[in-house]
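Worksheet: one structure, shown below.
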Amino acid sequence: MLAAAVRAVLGLGRPYTASANGVLYSAKQVFSEENMKMTTAKFASLKPIRMHARQPSKKAAVLIPLCEVDGKVALLYTLRTVHLKSHRGQVSFPGGMQDTEDKSLEETALRETHEELGIGADRISIWGSGNMIITKTSTCVLPVIGRIKGDLKLDKLQVNRDEVEEVFAVPLDQLCRPDRLGYTQFRGSFSMPMFRGGKQRIWGLTALMTYMLLSSLLPQQAYSHKIKYLPPILNIKTRRAG
């Protein structure tokens, strides 16, 4: 089930005629009104990802933060501290579980971003959200696209050190370099994207959401990510039995 869902999401991208890739990653192009509308529509239309047959009882949301750092459009990531109960030491987007006081999952994403990084809701422009991702645990996650307004200074962020070990931004032109794109093959007959363009390797659910955003945000000339799947090698006994 998961394999089919992941394969349905892969191989996305819309045609584009511009030749200079630098223009494709520019703030003028990425943050244009037309591109924002196209991105949100495509992101919302992606087929749902289901990693578990049962419907989870818990809901969570993450913010996929587009930002400008030193004049370059980038994605903002966090490295979770090693003493957290879940996903310790992993690269992630800011986010967490929905509270009873949250009016919506978009509000959950904004609240968690403020708690983790000190970025207030007034500094974030929400573009839209995708379909719920049903994870392997008892949680479903809503990915929310948001743009952090202005030029972001990483050293000025009020980082919650109880949850976040490190904050780093990866410019789109580095994130999308073909020589820094890869994939992780999991048991269960599916592969997922992986990125090596930043300080930390980005893999798992965070890489999948990164892939989904970039495939919606950028044309194929700017981002083309081939995800391979290598069939398992059958052992001798299995081959003889067949």
Side-chain angles (χ1 to χ4, degrees), residues 6 8-49 61-77 93-95 104-110 113 117 119-133 141-154 169-178 180-181 193 195 197-198 202 206-227:
V6 172
V9 173
L10 305 182
L12 303 174
R14 58 177 181 269
Y16 197 87
T17 57
S19 58
N21 279 359
V23 175
L24 307 183
Y25 304 120
S26 67
K28 182 178 180 180
Q29 167 62 26
V30 173
F31 295 141
S32 68
E33 187 73 17
E34 179 183 5
N35 195 59
M36 182 189 71
K37 291 179 180 178
M38 293 177 68
T39 298
T40 53
K42 187 168 186 178
F43 193 75
S45 69
L46 295 179
K47 292 185 178 181
I49 299 294
V62 299
L63 182 74
I64 306 178
L66 284 160
C67 59
E68 284 185 74
V69 178
D70 297 328
K72 285 193 171 186
V73 180
L75 282 178
L76 188 66
Y77 296 91
F93 290 122
S104 66
L105 284 169
E106 287 82 1
E107 186 172 306
T108 299
L110 291 172
T113 301
L117 304 177
I119 302 174
D122 59 326
R123 294 184 56 194
I124 300 173
S125 174
I126 295 295
W127 283 18
S129 57
N131 288 303
M132 298 291 291
I133 299 174
V141 180
L142 182 73
V144 180
I145 305 174
R147 177 191 175 182
I148 301 174
K149 303 172 186 177
D151 191 48
L152 185 64
K153 305 295 184 183
L154 298 183
V170 187
L172 296 188
D173 59 355
Q174 297 298 311
L175 198 61
C176 298
R177 281 182 52 171
R180 298 182 182 181
L181 302 176
F195 300 84
I202 302 166
T206 301
L208 179 59
M209 289 188 286
T210 299
Y211 180 97
M212 293 165 63
L213 172 70
L214 294 178
S215 297
S216 303
L217 181 73
L218 300 170
Q220 287 182 334
Q221 289 89 332
Y223 178 64
S224 180
H225 195 163
K226 295 182 178 180
I227 313 298

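Positions are given from 1, in the same order as the sequence printed here. Scope of the values below: all heavy atoms of this structure, side chains included, with no hydrogens, waters or symmetry mates.
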Parallel, tilted or perpendicular: which one describes the rings of Trp127 and Phe31, with boundaries at 30° and 60°? perpendicular
Would Ile148 and Thr113 count as a side chain to side chain contact (heavy atoms under 4.5 Å, CB included) if you check the C-alpha gap in whole Å, the side-chain angles of each, and the deciding distance to 0.1 Å? CA-CA 11 Å; Ile148 301 174; Thr113 301; 5.8 Å; no
Show, in sequence, the C-alpha distance, side-chain angles and deciding distance for Val141 and Phe93, and conclude whether the side chain to side chain contact (heavy atoms under 4.5 Å, CB included) test is met. CA-CA 12 Å; Val141 180; Phe93 290 122; over 6 Å; no
Specify the closest pair of heavy atoms between [X] and [Y], including all atoms of both residues, with the distance to one decimal.
| X | Y | answer |
| --- | --- | --- |
| Ala169 | Ala74 | CB-CB, 4.1 Å |
| Ser215 | Tyr223 | OG-CE2, 3.5 Å |
| Leu142 | Gly130 | CD1-O, 3.1 Å |
| Ala207 | Ile202 | CB-O, 3.6 Å |
| Pro193 | His225 | CB-CE1, 3.6 Å |
| Ser26 | Val73 | C-CG2, 3.9 Å |

What distance separates [X] [atom1] from [Y] [atom2], expressed to the nearest 0.5 Å?
| X | Y | atom1 | atom2 | value |
| --- | --- | --- | --- | --- |
| Asp70 | Leu152 | CG | CG | 9.5 Å |
| Ile49 | Ile133 | CD1 | CD1 | 6.5 Å |
| Leu66 | Leu172 | CG | CG | 7.0 Å |
| Met36 | Arg147 | CE | CZ | 10.0 Å |
| Asn131 | Met212 | CG | CE | 7.5 Å |
| Leu218 | Ser224 | CG | OG | 11.5 Å |

- How about Phe195 and Tyr211: are their ring centres within less than 6.0 Å of each other? no
Got [X] and [Y] here, is their nearest side-chain heavy-atom distance under 4.5 Å?
| X | Y | result |
| --- | --- | --- |
| Glu34 | Met38 | yes |
| Leu105 | Ser129 | no |
| Leu24 | Pro219 | yes |

inquiry  = Would Leu213 and Ile145 count as a side chain to side chain contact (heavy atoms under 4.5 Å, CB included) here? Give the steps.
reply    = CA-CA 8 Å; Leu213 172 70; Ile145 305 174; 3.6 Å; yes
_Test your reading of the model: is there a side-chain donor-acceptor pair from Lys149 to the backbone of Asp122, 3.5 Å cut-off?_
yes
Under 3.5 Å, side chain of Tyr25 to main-chain N/O of Ala222, donor-acceptor pair present? yes
For Thr40, the side-chain hydrogen bond (donor to acceptor under 3.5 Å, both in side chains) test, sequence neighbours excluded, returns none
For this session: Please test Val144 against Leu63 for side chain to side chain contact (heavy atoms under 4.5 Å, CB included), starting from the C-alpha separation and ending with a verdict.
Result: CA-CA 5 Å; Val144 180; Leu63 182 74; 4.2 Å; yes
